[in-house]
S.K.: 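Provided herewith is a single structure, encoded as structure tokens, for subsequent inquiry.
Per chain, numbering begins at 1; letters A, B, ... match sequence-line order. Predicted model only: the values in this text are computed from it and were never measured.
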Amino acid sequence: MRIVSYNVNSVTTRATRLVALLEDLRPDVVCIQETKVAPAAFPHLEIQAAGYVAADLSGGRWAGVAILARSDLRLEDVTVGLPGQPDPEEARWIEATVDGVRVVSVYVPNGREVGTDTFASKLVFFDVMRARAAALADRPAVITGDMNVCPTDLDVWSVADIHGATHVTPDERSRFQAILAEGYVDAFRHLYPLEPGFTWWDYRAGNFHKGFGLRIDLALVSLPLAPRLSGARVERAYRKPTTVPGTKSSDHAPLTIDLG
DNA sequence: ATGCCTGTGGCGCACAGA
């Protein structure tokens with residue numbers, strides 16, 4: 001089973017590039033984040049035309065998550081929202097079962113600035129996420145998406161230069177480690193202990209070109225499923241402007257994992 | 001080179017993103 005996680009930064013703007021990715025990588029499942037679309041405007045028809053079905057939790061101009069599956073598979077037992085999340089109206093969590101695997105697409109709050117209310121809310125989100133991750137840990141499960149945390153300094157181009165230290169604080173990192181400790185492996189890091197594996201680069205100042213990135217899009221694979229993990233790859237081509245003519249890139253690259 | 005920010009809502013520009 002191939003699962004792709006992709007923060008699209010607007011599914012409307014990214015629809016053509018997303019369809020190109022579906023045709024190129026032929027994933028079984030795609031978890032997308034930051035759909036930035038109203039529920040009625042979610043591009044179901046374009047996705048269906050590409051041979052996929054989608055379940056979405058769309059919240060208008062901010063956030064928004066969805067799970068796509070190839071049309072010959074089924075999206076079973078879809079649930080939306082993370083029980084106990086600090087801002088329940090924010091569209092940040094969706095689950096579905098595909099071919100026996102519980103799949104989660106998550107968009108963790110950014111946190112903006114250390115010490116703010118939004119940062120405190122981000123920490124609560126991690127705590128609540130840990131509880132849900134624990135409930136899923138004893139079965140085949142993949143929790144993937146934009147986690148908005150760099151687990152270690154290897155996941156940051158420069159700790160000194162990162163914006164106000166969010167994404168790298170001990171408060172965020174310890175909560176993320178607590179989620180892993182419930183019974184998950186960080187797929188890319190498990191297979192590539194020494195490669196940065198960045199998935200996000202600021203649009204500004206040529207940061208992609210310069211290699212100034214972060215690894216924040218992660219796939220957590222439950223221990224019962226981890227023996228099947230056979231590959232992980234950052235789809236850097238989809239961060240380039242030229243890969244799909246006539247389309248623009250998200251500021252995130254997709255992350256692919258393969259389960260044998 | 002992969003190149004200097006982009007998206008939404010709404011029609012100017014505030015706000016969010018990480």
S.K.: Looking at every strand, decide which applies to A:Asp146 at a 4.0 Å heavy-atom threshold: base, sugar-phosphate, or nothing.
M.R.: sugar-phosphate
S.K.: Can you tell me how far P of B:dG7 sits from CG of A:Asn9, to the nearest Å?
M.R.: 6 Å
S.K.: So A:Asn7, base contact, sugar-phosphate only, or nothing? Heavy-atom distance under 4.0 Å.
M.R.: sugar-phosphate
S.K.: Between B:dT2, B:dG17, B:dT8, which nucleotide gets closest to the side-chain atoms of A:Lys240?
M.R.: B:dT2
S.K.: Provide, to the nearest angstrom, the distance between the CZ atom belonging to A:Arg61 and the C1' atom belonging to B:dG10.
M.R.: 9 Å
S.K.: Select one nucleotide: of B:dT8, B:dT2, B:dA16, the one nearest the side-chain heavy atoms of A:Arg112.
M.R.: B:dA16
S.K.: Could you work out which one of B:dG17, B:dT2, B:dT8 sits closest to the side chain of A:Thr12?
M.R.: B:dT8
S.K.: Scan A:Tyr107 against the nucleic acid and name what it touches under 4.0 Å (heavy atoms): base, sugar-phosphate only, or nothing.
M.R.: sugar-phosphate
S.K.: Measure the distance from CH2 on A:Trp62 to C1' on B:dT6 and round it to the nearest whole Å.
M.R.: 11 Å
S.K.: Distance check needed: B:dA16 C1' versus A:Tyr203 OH, whole Å only.
M.R.: 13 Å
S.K.: Could you check how far CZ of A:Arg17 sits from P of B:dT6, rounded to whole Å?
M.R.: 12 Å
S.K.: What is the distance from CZ of A:Phe212 to P of B:dG17, rounded to the nearest Å?
M.R.: 24 Å
S.K.: Regarding A:Arg2 and A:Asp28, does a basic nitrogen lie under 4.0 Å from an acidic carboxylate oxygen?
M.R.: no
S.K.: What does A:Arg14 touch in the nucleic acid at a heavy-atom separation under 4.0 angstrom: a base, only the sugar-phosphate, or nothing?
M.R.: sugar-phosphate
S.K.: What is the nucleic acid contact for A:Lys210, judged by heavy atoms within less than 4.0 Å: base, sugar-phosphate only, or nothing?
M.R.: nothing
S.K.: A:Arg204 side chain: which of B:dC5, B:dA16, B:dT2 is closest?
M.R.: B:dC5
S.K.: Once you round it to whole Å, what is the distance between P of B:dC5 and CH2 of A:Trp200?
M.R.: 12 Å
S.K.: Would A:Arg215 count as a cation-pi partner of A:Phe198, with NZ or CZ less than 6.0 Å from the six-membered ring centre and within 45° of the ring normal?
M.R.: no
S.K.: Could you tell me how far apart A:Asp202 (CG) and B:dC5 (P) are, to the nearest whole angstrom?
M.R.: 8 Å
S.K.: What nucleic acid atoms does A:Arg236 come within less than 4.0 Å of, heavy atoms only: base, sugar-phosphate, or nothing?
M.R.: base
